[in-house]
Amino acid sequence: MEKLLKRKIDSFLDEWKKQSDRMPLIVRGARLIGKRGCGHFFGTNVLY
């Protein structure tokens with residue numbers, strides 16, 4: 001398993017998951033900052 005830096009988006013995703021009335025998630029930002037990597041890690045290791 002590769003090591004990832006802890007980012008602000010990680011805590012935001014955790015808070016989003018805890019909400020009972022959450023809306024669909026759209027992650028926007030600059031290129032090459034790790035949006036896909038954070039989303040992939042969150043989806044495979046945290047959600048289930």
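Partners of Glu15 by side-chain contact (heavy atoms from CB on, under 4.5 Å), not counting sequence neighbours, listed by chain and number: Lys18.
When all heavy atoms of Arg22 and Lys17 are compared, the closest pair comes out as NH1-O, 2.6 Å. Of all the heavy atoms in Lys35 and Gly29, the pair that sits closest is NZ-O, 3.4 Å. Looking at every heavy atom in both residues, Phe42 comes nearest to Asp14 through CE1-OD1, 3.9 Å. The two residues Cys38 and Ile9 have their closest heavy-atom pair at SG-CG2, 3.5 Å.
Note that CZ of Phe41 and CG of Asp10 are 7.5 Å apart. Values are rounded to the nearest 0.5 Å.
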| field | Evaluation steps, side chain to side chain contact (heavy atoms under 4.5 Å, CB included), between Phe12 and Leu25 | value | CA-CA 11 Å; Phe12 177 80; Leu25 185 65; 3.9 Å; yes
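Although no hydrogens or angles enter the test, the distance criterion places no donor-acceptor pair under 3.5 Å between the side chain of Trp16 and the main chain of Pro24.
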